[in-house]
Amino acid sequence: MSTIAAIATPPGVGGIAIVRISGPQAFDVLGRVFKTKSGRPLAPRQLVLGRVLGPDGTVLDEAMAVMMPGPHSYTAEDVAEIHCHGSTVVADGVLGACLEAGAAMAGPGEFTRRAFINGRIDLAQAEAVMDLISASGQASARAALEQLQGGLSRRVAAWMDTLTDCRAEIEAAMDFPEEDIPLDTPRLLAALEQLKGELEQALAGARSGKLLREGARCVLVGLPNAGKSALMNALLGFPRAIVTDVPGTTRDTLEEVLLIGGVPIRLTDTAGLRGQGGDAIEEMGMARTRSALEGADIALWVIDSTADGGEAMALWPEIQSARERGCRVLAVLNKSDLPRVLPQGWESRLGVDSVVASALSGDGMKALEDAIRALALPQGEGAILTRARHEQAVRAALEALSQAIEAAYMGMPADIWCADLAQSHAQLAQIGGADATEDCIDRIFERFCLGK
């Protein structure tokens, strides 16, 4: 395998830039471009001061360097790093010297890809590296770190162990009939039913895992003049949306991203919905509101608590339709700083959770933020499937497992449902990359940045 090099820190000017080298000739390349100030050779895992030299012997920078022998390194190969000053010119010059000394330019994600190929991490952990780099909030960063540390991989390994044990027992009974090995079908079915429940639980949490990585789409909907724009401004902490006493001020959707308790929220203000529209522009605005609601993960149904709720009920069919699509709905009883007219318990009779708040005074805004965060966080226990690839593999594994269980209950021969168990096992193996295709691996690493 070739020796590769790249700048591992983000592009631009900074205090420090790191040039990383990995491969069988990493230490030779480092030795050609870096000379310690003391004149003594570098010792493993010690950051040492020295000078970086160009191909013609010119001093490019005064820098620090370290050697990390494999397999105890990021790539499980010999790795060297040069910590130089963060000028773009300096970093490019140091990298150029490494390339002149025999290293090849690394491609996007090539260091992490080598870690995967060399068995230091599996494919799910490799994906977690990119998730951690691109994490937009503390919650998504924690989820990515848990996956990087093997949380999902350990869960998948336990699922596969269950299938391996069951398949081994079935195949032993089939392959050695002369031994008269009894097949404890009730016990096997109990183990498989438990596994089925765990896979279903993981799939139930898949949507929440996606919300952590991409941000929950939270849409403010309600009648005109219910206070949606004012609530958006209050949540953001600055006047993003125009607020007036004139109903129908908002005619288009406005979107901003904010963090609530470390959770990324894509907050969208919308034009007010009403039973019967007004002019053509208002009709277009309401069409965009409905489109935003169709794609929402969370709907904040903003209700004017100074009204009796009769007009707001005209929106109930659309709210109910959003709930049936899996959107989580929270009723926000706005304008709590004014006398309440809305009957007590009005929203609870609809089976909708609610928060009482005032965008004007700020009362209840902390409770509203806590409720939004709770709706965006993963629900329940279990592995978090943060990527569509994981979800598809678990869904396919669950389907094959369900077929095996059904075949066993129907009294079909063991070799029939054992084949389904093998299929389920193969689908789960794809998560860690054991059976992943080269195209799948390429698609994962092509999104990585250079130097990682």
Side-chain angles (χ1 to χ4, degrees), residues 204-205 207-208 211 216-232 234-235 247-248 250 253 260 263 265-277 282 285-380:
R207 186 165 178 263
S208 294
L211 299 190
R217 294 165 297 181
C218 182
V219 176
L220 293 146
V221 294
L223 293 172
N225 214 32
K228 300 181 295 299
S229 297
L231 273 172
M232 181 177 192
L235 286 167
T250 303
T253 57
I260 297 180
V263 180
I265 304 294
R266 294 162 55 191
L267 188 65
T268 302
D269 185 24
T270 65
L273 291 173
R274 65 169 96 221
Q276 294 184 354
E282 189 173 4
M286 289 194 293
R288 294 192 178 188
T289 297
R290 293 185 173 97
S291 178
L293 184 58
E294 286 178 3
D297 301 302
I298 300 169
L300 301 183
W301 183 17
V302 184
I303 299 165
D304 183 352
S305 64
T306 67
D308 62 12
E311 286 188 83
M313 276 303 296
L315 305 187
W316 175 242
E318 298 194 65
I319 298 297
Q320 182 67 357
S321 177
R323 295 176 75 190
E324 291 171 355
R325 291 193 301 269
C327 179
R328 298 166 185 170
V329 175
L330 177 69
V332 183
L333 311 187
N334 194 24
K335 306 183 183 181
S336 64
D337 54 305
L338 300 174
R340 175 169 176 155
V341 175
L342 190 72
Q344 294 292 335
W346 178 86
E347 72 287 351
S348 62
R349 289 194 291 272
L350 301 175
V352 178
D353 292 334
S354 65
V355 171
V356 177
S358 169
L360 182 63
S361 69
D363 291 342
M365 293 304 298
K366 178 62 168 61
L368 175 58
E369 290 180 355
D370 290 344
I372 294 172
R373 182 178 184 274
L375 291 174
L377 282 173
Q379 306 295 304

For this session: State, to 0.1 Å, how close Cys218 and Ile265 come at their nearest heavy-atom pair, and which atoms those are.
Result: CB-CG2, 3.6 Å

For this session: Could you pull out all residues at least two apart from Gln320 that satisfy side chain to side chain contact (heavy atoms under 4.5 Å, CB included)?
Result: Trp316, Arg323, Glu324

Acceptor/donor pairs from residues 354-363 side chains to any protein atom, 3.5 angstrom cut, sequence neighbours excluded:
unit_1, atom_1, unit_2, atom_2, d
Ser354, OG, Glu347, OE2, 2.9
Ser358, OG, Asp337, OD1, 2.7
Ser358, OG, Leu360, N, 3.4
Ser358, OG, Ser361, N, 3.1
Ser358, OG, Ser361, OG, 3.1
Ser361, OG, Asp363, N, 3.3
Ser361, OG, Asp363, OD2, 3.3

Problem set entry | Gap between atom CG of Leu375 and atom CD1 of Ile298 - 0.5 Å precision | 5.0 Å

Exercise. Tell me, which pairs form a ring-ring contact (aromatic ring centres under 6.0 Å, His included) where one or both residues lie in residues 318-342, sequence neighbours left out?
Worked result: none

Exercise. Who passes side-chain hydrogen bond (donor to acceptor under 3.5 Å, both in side chains) against Asp370, sequence neighbours left out?
Worked result: Lys366

Problem set entry | Ala376 versus Ala216, closest heavy-atom pair with distance | CB-CB, 3.9 Å

Problem set entry | Donor + acceptor pair across side chains of Ser321, Arg325 (<3.5 Å) | yes

Problem set entry | Inter-residue atom distance Leu368.CG - Arg373.CZ, 0.5 Å rounding | 14.0 Å

For this session: Locate the shortest heavy-atom distance separating Val221 from Lys228; write the atom from each residue and the value.
Result: C-CD, 3.5 Å

Problem set entry | Atom pair OG/NZ of Ser305 and Lys335 - distance to nearest 0.5 Å | 8.0 Å

Exercise. Which heavy atom of Leu330 sits nearest a heavy atom of Ala371, and at what distance?
Worked result: CD2-CB, 3.7 Å

For this session: State which residues pass side chain to side chain contact (heavy atoms under 4.5 Å, CB included) with Pro343; sequence neighbours excluded, sorted by chain then number.
Result: Trp346, Arg349

Problem set entry | Any donor-acceptor pair under 3.5 Å from Asp353 side chain to Ala331 backbone | no

Show the atom names and distances, to 0.1 Å, of all donor-acceptor pairs under 3.5 Å that link a side chain in residues 306-314 to residues at least two apart or in another chain.
unit_1, atom_1, unit_2, atom_2, d
Thr306, OG1, Asp304, OD1, 2.6
Thr306, OG1, Asp304, OD2, 3.2
Asp308, OD1, Gly310, N, 2.8

Exercise. Which value, rounded to the nearest 0.5 Å, describes the distance between Leu235 atom CG and Leu300 atom CG?
Worked result: 7.5 Å

For this session: Taking the side chain as every heavy atom from C-beta outward, state whether Ile303 and Leu342 have any atom pair closer than 4.5 Å.
Result: yes

Problem set entry | Of Leu267, Thr270, Asp297, the residue whose pairing with Val219 passes side chain to side chain contact (heavy atoms under 4.5 Å, CB included) | Thr270

For this session: Verify side chain to side chain contact (heavy atoms under 4.5 Å, CB included) between Val332 and Leu231, making sure each step is shown before the conclusion.
Result: CA-CA 9 Å; Val332 183; Leu231 273 172; 3.7 Å; yes

Problem set entry | Within-4.5 Å side-chain heavy-atom neighbours: Leu350 and Trp301 | yes

